[in-house]
Engineer: 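Before I ask anything, here is the structure I am working with.
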Amino acid sequence: MQIKEKKSFKNILPFILIIGIIIGGLISVKMGDQTITLKQIFDLKNQEEYIKIILLDLRIPRILMGVLVGMMLASSGVVIQTVFQNPLADPYIIGIAASATFGSVIAYIFNLPDFMYGVLAFIMSLLSTFLIFKMAKKGNMINVSTLLIIGIAVSSFLSAFTSFAIYLIGEDSFKITMWMMGYLGNATWKKVFFLIPPLIFSLYYFYINRNNLDALLSGDEEAHSLGVDVTKLKTRILTVSALIVAFSVAFSGMIGFVGLIIPHIIRMITGPSNSKLIPNASLAGGFFLLICDTFGRMFLSPTEIPIGVVTSFFGAPFFLYLALKDKRRI
């Protein structure tokens, strides 16, 4: 009986998460300095101009960007944990995000178009991803301790350059500092549309490779015996993962731990199979970030808590829990 209930819950989990995103979005769009009723939302044509501006230019793009970024970070967390075969691997912990931040700051310094923020972030994160991957590899195995140490070292090194660049920026440095703490308040429709193509492409690519990713869970040698080109698969998966992490960081700053805690929680519900894990974790990531952003906006209103602070509040204890639970692998 319990097995049947568990299977049925797995099957309806995507619908629960989608409903949660819709309800969370409606709650979020209503809340703020200017309270907006559901009647005003669904009868927008007959509302005053300032209501339309609040909804269409500020709140709705912010909600959509929060969901998209959450989906990006969670899906990248799933595949990175699979590639490195460790639940502690995360785009932020292993240094990919710090590289993307550095690329975005360079784009800001040279006053490049919005799209170039994502491009430069992607180039920098791609370079650091393969550097970290190559340095942590010993034979055909990834040394997790080495991976974490190298990731922290790369993050610290690039953070020093980023801090120096922010210092050179001068009076606009506060905007960069706020963005680096994770900030969705600068969301626009243009940025939302920039995020959609890499998200769709990455989810499609991860999902069509779900069986190959499942094979990696048994180890590289076992995957190779099943006909999987392990090196090529890992290279491509990390490349696509770097792409979505880069665009999410470029437009929303450093929002940590989403790619760590969401895949782990969903894995406890659905099991390790990527067929269930990838779509469910992506939706859960969008829902989680939406809730965190709404909490950050409203908890100390009118003062806004950066969303990266909120996710770290939940994620840091969870990371410590995982680390203490699995001491032997660190």
Side-chain angles (χ1 to χ4, degrees), residues 5-28 62-83 86-93 97 182 184 192 195-196 198-200 202-207 209-210 213-214 217 237 240-241 244-245 247-249 252 254-296 307-308 310-319 321-322:
E5 288 177 359
K6 194 171 183 181
K7 282 185 177 179
S8 62
F9 180 73
K10 287 180 185 180
N11 293 332
I12 65 170
L13 182 58
F15 301 103
I16 293 173
L17 291 170
I18 290 170
I19 292 170
I21 289 172
I22 294 170
I23 294 174
L26 287 173
I27 293 172
S28 183
R62 179 170 184 155
I63 289 167
L64 291 175
M65 194 161 89
V67 172
L68 294 175
V69 169
M71 294 179 73
M72 285 178 155
L73 294 176
S75 59
S76 67
V78 169
V79 296
I80 284 176
Q81 288 173 12
T82 300
V83 166
N86 191 278
L88 300 182
D90 172 82
Y92 283 77
I93 294 170
L184 297 175
V192 168
L195 288 174
I196 290 173
L199 174 61
I200 293 174
S202 63
L203 289 178
Y204 170 76
Y205 189 78
F206 294 154
Y207 195 74
N209 281 285
R210 62 192 183 280
L213 288 168
D214 284 345
L217 296 173
I237 290 293
V240 176
S241 183
I244 54 176
V245 171
F247 272 85
S248 66
V249 169
S252 63
M254 299 283 281
I255 304 175
F257 294 105
V258 179
L260 174 70
I261 63 177
I262 296 302
H264 192 81
I265 291 171
I266 298 300
R267 192 179 288 112
M268 291 169 65
I269 299 171
T270 66
S273 173
N274 284 280
S275 298
K276 298 280 188 183
L277 188 56
I278 291 171
N280 283 302
S282 300
L283 291 171
F287 176 68
F288 175 70
L289 209 60
L290 173 61
I291 298 302
C292 287
D293 186 50
T294 304
F295 178 83
I307 191 171
V310 179
T311 57
S312 296
F313 177 79
F314 294 108
F318 193 85
F319 177 73
Y321 160 74
L322 289 179

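Note that these values count all heavy atoms, side chains included, but never hydrogens, waters or copies made by symmetry.
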Engineer: Which residue is it: V258, L73, L17? I am looking for the one with a side chain to side chain contact (heavy atoms under 4.5 Å, CB included) to F288.
Structural biologist: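 Considering V258, L73, L17, a side chain to side chain contact (heavy atoms under 4.5 Å, CB included) with F288 is found only for V258.
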
Engineer: Could you go through I269 and N280, starting from their C-alpha distance and side-chain angles, then the distance that decides it, and tell me whether this counts as side chain to side chain contact (heavy atoms under 4.5 Å, CB included)?
Structural biologist: CA-CA 10 Å; I269 299 171; N280 283 302; over 6 Å; no

Engineer: Who pairs with L199 by side-chain contact (heavy atoms from CB on, under 4.5 Å), at least two apart in sequence or on another chain?
Structural biologist: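 Per chain and number, L199 pairs via side-chain contact (heavy atoms from CB on, under 4.5 Å) with L68, M71, M72, S202, L203.
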
Engineer: In Å, rounded to the nearest 0.5 Å, how long is the span from OG of S76 to CD1 of I237?
Structural biologist: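 S76 atom OG to I237 atom CD1 measures 11.5 Å (nearest 0.5 Å).
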
Engineer: Between F257 and S312, what is the shortest heavy-atom contact and its length?
Structural biologist: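 Here F257 and S312 meet closest at CD1-CA, 3.7 Å.
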
Engineer: Looking at every non-hydrogen atom in both residues, tell me the closest pair between S241 and I80 and how far apart they are.
Structural biologist: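 Taking every non-hydrogen atom into account, OG-CD1, 3.3 Å.
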
Engineer: Rounded at 0.5 Å granularity, tell me how far CG in L195 sits from CE in M65.
Structural biologist: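 Atom-to-atom, L195:CG and M65:CE are 6.5 Å apart.
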
Engineer: Just verifying a value: how many Å separate F314 CZ and C292 SG, rounded to the nearest 0.5 Å?
Structural biologist: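 With rounding to 0.5 Å, CZ (F314) is 5.5 Å from SG (C292).
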
Engineer: Tell me the closest heavy-atom pair linking P198 and F247, and the distance in Å.
Structural biologist: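 Heavy-atom minimum between the residues: CG-CG, 4.3 Å.
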
Engineer: Please name all residues satisfying ring pair (Phe, Tyr, Trp, His ring centres under 6.0 Å) with Y205, sequence neighbours left out, ordered by chain then number.
Structural biologist: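 Ring pair (Phe, Tyr, Trp, His ring centres under 6.0 Å) list for Y205, sorted by chain: empty.
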
Engineer: When rounded to the nearest 0.5 angstrom, what is the spacing between CG in L13 and CG in L283?
Structural biologist: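 Taking CG in L13 and CG in L283, the distance rounds to 8.0 Å.
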
Engineer: Sequence neighbours left out, what pairs pass salt bridge (Lys or Arg N to Asp or Glu O under 4.0 Å) with at least one residue falling in residues 64-83?
Structural biologist: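 Listed by first then second residue: nothing to list.
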
Engineer: Rounded to the nearest 0.5 Å, how far does CD1 of I262 lie from CG of L289?
Structural biologist: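 Answer for the CG-CD1 pair, L289 versus I262, is 9.0 Å.
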
Engineer: Quick one: CG on L184 to CG on D293, what's the gap to the nearest 0.5 Å?
Structural biologist: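 The distance works out to 4.5 Å.
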
Engineer: So, using side-chain contact (heavy atoms from CB on, under 4.5 Å) as the criterion, who are the partners of I19 when residues are at least two apart?
Structural biologist: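 I19 satisfies side-chain contact (heavy atoms from CB on, under 4.5 Å) with I23 only.
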
Engineer: Tell me, please, which residues at least two apart from N274 pass side-chain hydrogen bond (donor to acceptor under 3.5 Å, both in side chains).
Structural biologist: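 With sequence neighbours excluded, N274 shows a side-chain hydrogen bond (donor to acceptor under 3.5 Å, both in side chains) to D214, given in chain and number order.
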
Engineer: When you compare the side chain of I307 with that of M254, does any pair of heavy atoms fall below 4.5 Å?
Structural biologist: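 They are not in side-chain contact.
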
Engineer: Please name the pair of heavy atoms, one in G285 and one in A74, separated by the smallest distance, quoted to 0.1 Å.
Structural biologist: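 Looking at all heavy atoms of both residues, the closest pair is CA-CB, 3.8 Å.
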
Engineer: Taking the side chain as every heavy atom from C-beta outward, state whether L260 and Q81 have any pair of such atoms under 4.5 Å apart.
Structural biologist: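 Yes. Closest side-chain heavy atoms under 4.5 Å.
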
Engineer: For F206 and I244, which heavy atoms make the closest approach, and how far apart are they?
Structural biologist: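 In terms of heavy atoms, the two residues are closest at CE1-CD1, 3.9 Å.
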
Engineer: Can you find a pair of side-chain heavy atoms, one from L290 and one from S28, that are under 4.5 Å apart?
Structural biologist: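 A side-chain contact exists here, since the closest heavy-atom pair is under 4.5 Å.
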
Engineer: Taking only residues two or more places apart in sequence or in another chain, which ones pass side-chain contact (heavy atoms from CB on, under 4.5 Å) with P317?
Structural biologist: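 Partners of P317 by the side-chain contact (heavy atoms from CB on, under 4.5 Å) criterion come out as none, since no residue qualifies.
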
Engineer: Considering only heavy atoms from C-beta outward, does the side chain of I278 approach that of L213 to under 4.5 Å?
Structural biologist: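 Heavy-atom side-chain distance check passes, below 4.5 Å.
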
Engineer: Restricting to non-hydrogen atoms, name the atom on I63 and the atom on G25 that form the minimum distance, rounded to 0.1 Å.
Structural biologist: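 Minimum heavy-atom contact is CD1-O, 3.4 Å.
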
